[in-house]
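Position 1 is the first residue of the sequence, and the numbers go up from there.
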Amino acid sequence: VQLQASGGGLVQAGGSLRLSCATSGFTLDEYSYGWFRQAPGKEREGISCVSGIESRTYYGDSVKGRFTTSADNARKTIFLQMDNLKPEDTAIYYCAAAYGAYCLQTVDNIWGLNYWGQGTQVTVSS
């Protein structure tokens, strides 16, 4: 299972950015997948988790209404559209996945997602 996030960069507050995640070694339909982020000195924070079985996407409270996760199964790519960005969104962003198409809300703060690769840096200036 391999995931590689890209598309990060520097953006002004209020702006938008779209992250991409190239995946290989697994089928999106059989896995839950999503994003989390980590800022320096802070814990990991779950951003989103897509559950195929439930046909539902979970979002962290701090990004609800601003961030949207989607996927192109044919291209095996996951996306994170980030709108109305705030300085507190500055972090390294990781795409992640876990076998089994459920988002495990009681496991940890990233829904039990346990495969991820290198992240991509997002910096939001005020």
Side-chain angles (χ1 to χ4, degrees):
V1 175
Q2 293 188 323
L3 304 100
Q4 179 64 57
S6 62
L10 175 65
V11 62
Q12 287 189 330
S16 298
L17 207 57
R18 190 191 197 203
L19 305 183
S20 298
C21 174
T23 72
S24 62
F26 69 102
T27 303
L28 287 174
D29 288 346
E30 297 178 350
Y31 281 64
S32 57
Y33 56 86
W35 298 82
F36 69 90
R37 66 189 181 189
Q38 188 160 25
K42 296 187 177 180
E43 289 187 351
R44 293 177 312 188
E45 179 185 7
I47 295 173
S48 65
C49 183
V50 177
S51 168
I53 287 181
E54 297 176 275
S55 296
R56 177 177 178 176
T57 301
Y58 296 85
Y59 288 97
D61 289 341
S62 64
V63 304
K64 282 180 182 176
R66 301 189 297 124
F67 290 12
T68 304
T69 293
S70 61
D72 182 332
N73 284 22
R75 292 168 53 194
K76 304 192 74 173
T77 304
I78 303 167
F79 302 100
L80 180 66
Q81 177 66 40
M82 304 186 293
D83 298 318
N84 190 22
L85 282 160
K86 304 175 181 180
E88 51 264 43
D89 294 320
T90 295
I92 299 175
Y93 284 69
Y94 299 85
C95 53
Y99 179 70
Y102 283 102
C103 297
L104 304 177
Q105 298 185 72
T106 60
V107 172
D108 53 31
N109 61 345
I110 59 169
W111 296 283
L113 301 174
N114 56 4
Y115 291 102
W116 61 83
Q118 286 188 327
T120 186
Q121 175 72 46
V122 172
T123 303
V124 184
S125 63
S126 58

Applying side chain to side chain donor-acceptor pair (under 3.5 Å), name anything that partners Ser51, two or more places apart in sequence or on another chain.
Glu54

Got a second to check how far Asp89's CG is from Glu45's CD, nearest 0.5 Å?
8.5 Å

By ring-ring contact (aromatic ring centres under 6.0 Å, His included), Phe26 pairs with (sequence neighbours left out) Tyr31

Derivation of the side-chain contact (heavy atoms from CB on, under 4.5 Å) call for Ile78 and Leu28:
CA-CA 9 Å; Ile78 303 167; Leu28 287 174; 4.0 Å; yes

Please tell me whether Val50 and Leu104 are part of a single hydrophobic cluster in this structure, the criterion being side-chain heavy atoms less than 4.5 Å apart.
no

Which atom pairs, donor and acceptor, lie under 3.5 Å between side-chain atoms of residues 111-124 and protein residues at least two apart or in another chain?
{"residue": "Thr120", "atom": "OG1", "partner": "Gly8", "partner atom": "N", "Å": "3.0"}
{"residue": "Gln121", "atom": "NE2", "partner": "Ala91", "partner atom": "O", "Å": "3.4"}
{"residue": "Gln121", "atom": "NE2", "partner": "Thr123", "partner atom": "OG1", "Å": "3.4"}

Applying the 4.5 Å side-chain criterion to the ILVMFWY set and letting contacts propagate, would Leu10 and Leu85 be lumped into a single cluster?
no

Go through the structure and list residues passing side-chain contact (heavy atoms from CB on, under 4.5 Å) with Asp61, not counting sequence neighbours.
Lys64

Show me the pairs that pass disulfide bond (SG atoms under 2.5 Å apart) and involve residues 30-59, at least two apart or across chains.
Cys49-Cys103

Run the side-chain contact (heavy atoms from CB on, under 4.5 Å) test against Thr27 and tell me which residues pass, sequence neighbours left out.
Asp29, Glu30

When clusters are formed by joining ILVMFWY residues with side-chain heavy atoms under 4.5 Å apart, either directly or through shared neighbours, do Tyr58 and Trp35 land in the same one?
no

Please name the pair of heavy atoms, one in Leu3 and one in Val1, separated by the smallest distance, quoted to 0.1 Å.
CD1-CG1, 3.9 Å

Restricting to non-hydrogen atoms, name the atom on Val63 and the atom on Ile47 that form the minimum distance, rounded to 0.1 Å.
CG2-O, 3.7 Å

Pairs satisfying salt bridge (Lys or Arg N to Asp or Glu O under 4.0 Å), at least one member in residues 108-126, at least two apart
none

With sequence neighbours excluded, give me every disulfide bond (SG atoms under 2.5 Å apart) pair touching residues 6-35.
Cys21-Cys95

Residues that Tyr93 engages under side chain to side chain donor-acceptor pair (under 3.5 Å), provided they are two or more places apart
Arg37

Any pair counted as salt bridge (Lys or Arg N to Asp or Glu O under 4.0 Å), so long as it reaches residues 75-86, sequence neighbours left out
Asp72-Arg75

With sequence neighbours left out, what residues match Ser48 under side chain to side chain donor-acceptor pair (under 3.5 Å)?
Thr69

Rounded to the nearest 0.5 Å, the OG1 atom of Thr77 sits from the CG atom of Leu19 at a distance of 13.0 Å

Please, which pairs that meet ring pair (Phe, Tyr, Trp, His ring centres under 6.0 Å) have at least one residue in residues 64-84, sequence neighbours excluded?
none

